[in-house]
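Contents: one structure, followed by commentary.
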Amino acid sequence: MATTAIKTKEKKETRTGSDYGRFFGEMFAFNNSLKLFHWRVSGPGSYAKHMALDEALVALGQALDRIVETTIAMQGDIEITIPQTGSPRNIESHCEKFFDYVGEQREMFEEDFSTAILDDYQEALQQLLYRLKRLQ
């Protein structure tokens, strides 16, 4: 019988479903904040920014769906709480801060395949930041 090895990182501390639920709720709220900003983009370069936000929302949504479903498969049911969401005033700063926040939460995920999904999420954020800064 063949076995499959899953490379994991050293476990730092035990996490609860509420830790995951809070993080996933924050990710969902962040994605929604981008949509709120997207709807009010106007002025020079607005079409390009509008399109960059649309593309990012697809990639971020797909990565969020994958990390939530993967974590539920590994941890069991998770209650996700979504905080109230507003439209950011400074989209670049908002994205940079959230990129850092996601990086700080990586320790919750032991499996390389879970951190790879977070890599995809952060990569989509970096691509968005690149476009927002270049499309001025």
Any heavy-atom pair between the side chains of Arg106 and Gln122 that's under 4.5 Å?
yes
Mind listing the closest non-hydrogen atom pair of Glu92 and Leu132 along with its distance?
OE2-O, 3.7 Å
Of Phe24, Tyr20, Tyr121, Phe23, the residue whose pairing with Ile67 passes side-chain contact (heavy atoms from CB on, under 4.5 Å)
Phe24
Indicate if Ile91 and Tyr130 have the same hydrophobic cluster label, given that clusters are the connected sets of ILVMFWY residues with side-chain heavy-atom separations under 4.5 angstrom.
no
Look up atom OG1 in Thr81 and atom CD in Glu26, then write down how far apart they are to the nearest 0.5 Å.
10.0 Å
What one should report as the nearest heavy-atom pair of Phe37 and Pro88 is CD1-O, 3.3 Å
Note, Phe28 side chain near Val68 side chain (heavy atom, < 4.5 Å)
no
dist Gln127:CD -> Glu123:CD (nearest 0.5 Å) comes out at 6.0 Å
Considering all heavy atoms of both residues, which atom of Thr71 and which atom of Ile78 are nearest to each other, and what is their separation?
CG2-CD1, 3.5 Å
Does Arg66 reach the side chain of Asp120, with side-chain heavy atoms less than 4.5 Å apart?
yes
At their closest point, which heavy atom of Cys95 faces which heavy atom of Leu34, and how far apart are they?
SG-CD2, 3.9 Å
Run the salt-bridge test on Lys35 and Asp54 with the 4.0 Å N-O cut-off and return the result as yes or no.
yes
Between Ile80 and Gly21, what is the shortest heavy-atom contact and its length?
CG2-O, 3.6 Å
Check whether Leu36 and Leu53 end up in the same hydrophobic cluster, where Ile, Leu, Val, Met, Phe, Trp and Tyr are linked by side-chain heavy atoms less than 4.5 Å apart.
no
Side chain to side chain, Arg131 and Glu55, heavy atoms closer than 4.5 Å:
yes
In Å, rounded to the nearest 0.5 Å, how long is the span from NZ of Lys133 to CG of Leu128?
10.5 Å
With sequence neighbours left out, what residues match Asp65 under salt bridge (charged side-chain N to carboxylate O under 4.0 Å, His left out)?
none
Are Val102 and Leu129 in one and the same hydrophobic cluster, where Ile, Leu, Val, Met, Phe, Trp and Tyr link if side-chain heavy atoms are under 4.5 Å apart?
no
Tell me, yes or no, whether the heavy-atom count around Tyr101 atom OH, taken from other residues, nucleotides or ligands under 6.0 Å, exceeds 12.
yes
Measuring from Gln105:CD to Glu107:CD, what's the distance to the nearest 0.5 Å?
7.5 Å
Between the side chain of Thr85 and the main-chain N/O of Pro83, is any donor-acceptor distance below 3.5 Å?
yes
Rounding to 0.5 Å, atoms NZ (Lys49) and OG (Ser42) come to a distance of 9.5 Å
Using side-chain heavy atoms (C-beta onward) and a distance below 4.5 Å, is Phe30 in contact with Leu125?
yes
